[in-house]
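These numbers were taken from a predicted model, which means no experiment stands behind them.
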Amino acid sequence: MRKITKMTNDEAMKFFMKSNSYSNIDLPIYFNFQPILDNIFSKVSGKQISDFYKNKRTNPPSKFEDINYKFLNNKDGKYAWRPFELIHPVLYIDLAQEICESENWKIILKRFKDFQKNKKILCCSIPGESKSKKYDKKATILNWWNEYEQKSISLSLDYSYMAVTDISNCYASIYTHSISWAIHSKEEAKKKENRKNLILFQIQIT
């Protein structure tokens, strides 16, 4: 598997534009988001969302509460209901374009390298593309198995105990500004003169 952090910005954009990158939720096989992603990308490529509503008396996406699609998924056929949300494909593509802009992508990759200097912390969930180009989710799961499950077994020879923790309702509880903090550092992101140059800043205020 080739991790997304090993891709160029153009390769990463192509990866994000794949249907199974847009959503890896286990939906029935007749759900295929590729046609709508391709159609929208052909119209918004190289543009910003604001280009479509400025001077047209149209409200920006931030004015709508239910712009994304929400649904419930049952995990075990009993009472384990979990809420899922599909980001509006236009917003998704706008976000992907912002992330994959050449200079932004360089900043993100450099930040990942900085984090990886700490050998005691290993991120096993970085998405990637399988060699066959068809089974990215399978390759990601296999990568998790190799880097987490097998590593745990190896470390069990040296340690007697392992602590496992989880964050309840993780994604819904993320403070959006902390994304900029993670990318640019909290100190830099909080400087007023830098805010307009922050990755995702324009998206956050759209």
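- Residues in residues 4-15 take part in these salt bridge (Lys or Arg N to Asp or Glu O under 4.0 Å) pairs, two or more places apart or across chains: Arg2-Glu11.
- For the pair Lys3 and Glu147, the salt-bridge criterion is met [side-chain N within less than 4.0 Å of a carboxylate O].
- Residues Glu149 and Ser152 are not in side-chain contact: their nearest non-hydrogen atoms beyond the backbone lie 4.5 Å or more apart.
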For residues 34-46, which side-chain donor-acceptor pairs fall under 3.5 Å, sequence neighbours excluded?
residue: Gln34; atom: OE1; partner: Ser19; partner atom: N; Å: 2.7
residue: Gln34; atom: NE2; partner: Met17; partner atom: O; Å: 2.9
residue: Gln34; atom: NE2; partner: Asp38; partner atom: OD1; Å: 2.9
residue: Asn39; atom: OD1; partner: Lys43; partner atom: NZ; Å: 3.4
residue: Ser42; atom: OG; partner: Asn39; partner atom: O; Å: 2.5

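- The main-chain N or O of Lys47 is found under 3.5 Å from a side-chain atom of Gln97 such that the two form a donor-acceptor pair.
- Here the straight-line distance linking atom NE2 of His184 with atom CD1 of Ile199 works out to 4.0 Å at 0.5 Å rounding.
- Grouping the Ile, Leu, Val, Met, Phe, Trp and Tyr side chains by contacts below 4.5 angstrom, directly or via other members, places Ile67 with Val90.
- Checked by atom type and distance alone, the side chain of Asp51 pairs as donor or acceptor with a backbone atom of Gln48 at under 3.5 Å.
- For the pair Tyr92 and Ser21, the minimum side-chain heavy-atom distance is below 4.5 Å.
- The number of heavy-atom neighbours closer than 6.0 Å to CG of Leu157, taken from other residues, nucleotides and ligands shown, is above 12.
- Taking the six-membered ring where the residue is Trp, Phe33 and Phe31 present tilted rings, their angle falling between 30° and 60°.
- When side chains are defined from C-beta on, Glu188 does not count as touching Ser180, because their heavy atoms never get closer than 4.5 Å.
- A chain of hydrophobic side-chain contacts below 4.5 Å, direct or via other Ile, Leu, Val, Met, Phe, Trp or Tyr residues, connects Tyr30 to Phe84.
- Put simply, the side chain of Lys110 does not reach to within 4.5 Å of the side chain of Ile107, judged on heavy atoms.
- Summarising the local packing, CZ of Phe71 is surrounded by more than 12 heavy atoms from other residues, nucleotides or ligands at distances under 6.0 Å.
- Using a 4.5 Å heavy-atom cutoff, the side chains of Leu91 and Leu95 are not in contact.
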